[in-house]
Each structure stands twice: as structure tokens, then as C-alpha cells.
Amino acid sequence: MTTTGRRALLVAGASAAAAALTGCTSDDAGPPRPSAAERAAAREAERVALAEAALRRRAVTASRTLLERYDATLAAHPALHARVAPLRASVAAHVRALGEDPRPTATPDGAPAAPVTTAPPTGPAVPADPKAALRELAGAARTASAAHTAELLAAPPEYARLLASVAASGAAHAYLLTEGARA
């Protein structure tokens with residue numbers, strides 16, 4: 001190697017070492033801070049996530065309330081079982097599909113959660129007349145259907161499709177509980 005080659009190699013090596021050392025040191029006292037735009041985007045993402053979680057809770061609550069109405073009607077009028085039980089099973093599937101997990105959840109350390117023991121819930125009042133009970137059940141199905149329909153514009157696309165299906169099913173249930181009996 002010639003003298004010029006050695007000098008070039010020394011200069012290149014010194015430059016590389018200086019660049020490496022510059023990359024290792026920092027004038028900052030911590031990780032880089034997010035920009036104002038990044039902070040605003042993070043706040044917006046959190047707001048959207050919270051709004052979607054609230055929407056899902058409302059949808060599950062509407063379907064769970066309807067399911068409780070079905071249970072109360074079946075308990076008060078066992079003779080309606082053949083007509084109401086398949087519709088009740090459909091509503092139970094809706095509650096699960098909308099996001100409620102009927103299984104007990106685990107604690108953060110992975111152990112199963114202790115079952116919650118509460119007094120048995122008092123169901124909604126059911127009319128003594130079976131026809132009136134069916135009319136009230138149909139009204140509850142319409143109310144749940146309307147609640148799901150009202151949430152469509154705020155829901156993300158895939159969840160909106162599910163809500164639309166559940167709302168349509170609720171409208172069909174209302175028909176089957178009232179008009180469908182006449183057909």
C-alpha cells in the first residue's frame with residue numbers, strides 16, 4: 001500500500017469512528033418527544049377508541065335488555081315456549097356477536113375470576129295475558145331494533161353491518177310476535 005492509500009485509509013477510519021461516536025452520544029436527556037401532530041393523532045385515536053367502546057356497550061345493553069324481556073316472558077308464560085324460544089335463542093346469539101363474552105374473565109395474573117354472586121335479578125313485569133305479553137315483547141324488540149339502527153352511522157363499517165343485521169332481525173321478531181301469528 002502506498003503512503004497516499006494509507007492516509008486515505010486512516011482518514012476514512014477516523015471519519016467512521018467519529019461518526020459512530022457522534023451517533024452514540026446525545027444532547028437529549030431521554031427519548032425523542034412526539035411532535036404536536038403526533039400527540040394530536042394519538043388523542044384522536046384514543047377518542048375514537050373510547051367512542052367505539054361506548055357504542056359497543058350500548059349495543060350489547062340493548063340486546064341484553066331484550067334478552068331479559070324474553071326470559072321474563074318465558075318464565076311468566078311457559079305455554080309460549082314453542083313460539084318464543086327460537087327467537088330468544090337468536091337474541092342470545094346477537095348478544096354474543098355484538099361483543100359480550102358470557103364466559104367468566106380471567107384476572108391479570110391469568111387465574112380465573114371468582115364468580116360474582118348477587119341477588120337474582122328481578123325481571124321486567126310481564127302482563128298476565130299471553131297476547132299482551134307478546135305485544136310487549138314485540139315492542140321491546142322494536143325498541144332494541146331502533147337502538148341498533150340509530151348507532152349505524154357512528155359504527156365502524158364491519159360493526160355497522162352486524163348492527164344492521166341485528167336490527168333487521170329485531171324487526172322480524174316484532175313482526176313474528178304480532179302479525180306473524182295471524183298469518
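Just so it is clear, the values below take in all heavy atoms, side chains as well, and ignore hydrogens, waters and symmetry mates. Worth saying up front: this structure is predicted, and the values here are computed from it rather than measured.
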Please report the shortest heavy-atom distance between Ser90 and Ser169, naming the atom on each side. OG-OG, 3.8 Å

Can you tell if the side chain of Arg69 reaches within under 4.5 Å of the side chain of Thr73, non-hydrogen atoms only? yes

Could you tell me whether a side-chain N or O of Glu136 sits under 3.5 Å from a main-chain N or O of Ala133, the two making a donor and an acceptor? no

Basic-acidic side-chain contact under 4.0 Å: Glu68, Arg64: no

What one should report as the nearest heavy-atom pair of Ala62 and Ala147 is CB-CB, 4.1 Å

Test of understanding: clusters of I, L, V, M, F, W, Y form through side-chain heavy atoms closer than 4.5 Å, transitively. Do Leu55 and Val48 belong to the same one? no

Ala138 versus Thr178, closest heavy-atom pair with distance: CB-CG2, 3.4 Å

What is the distance from atom CZ of Arg88 to atom CG of Leu67, rounded to the nearest 0.5 Å? 4.5 Å

Backbone N or O of Pro34 within a donor-acceptor pair of the Arg39 side chain at under 3.5 Å? yes

Quick one: closest heavy-atom pair of Arg83 and Leu176, and the distance? NH2-O, 3.2 Å

What residues form a salt bridge (charged side-chain N to carboxylate O under 4.0 Å, His left out) with Arg142, not counting sequence neighbours? none

Other residues, nucleotides and ligands only: do more than 12 of their heavy atoms fall within 6.0 Å of CG on Leu50? yes

Joint cluster assignment, Leu137 & Val95, ILVMFWY side-chain distance < 4.5 Å: yes

Can you name the closest pair of heavy atoms from Leu66 and Ala141 and give their distance? CD1-N, 3.6 Å

Option passing side-chain hydrogen bond (donor to acceptor under 3.5 Å, both in side chains) with Ser63 (candidates Arg96, His94, His148, Arg58): His148

Please output the side-chain donor-acceptor pairs of residues 158-167 that fall under 3.5 Å, not counting sequence neighbours, one pair per line with the distance.
| unit_1 | atom_1 | unit_2 | atom_2 | d |
| --- | --- | --- | --- | --- |
| Tyr159 | OH | Leu98 | O | 2.8 |
| Ser165 | OG | Arg161 | O | 3.2 |

Where do Pro127 and His77 come nearest, in terms of heavy atoms and distance? O-NE2, 2.7 Å

For Glu44, which residues count as a salt bridge (charged side-chain N to carboxylate O under 4.0 Å, His left out) partner, sequence neighbours excluded? Arg47

Transitively linked via ILVMFWY side-chain contacts under 4.5 Å: Val126 with Leu177? no

Parallel, tilted or perpendicular for Tyr70 and His173, by the 30°/60° rule? perpendicular

Within-4.5 Å side-chain heavy-atom neighbours: Leu134 and Leu80: yes

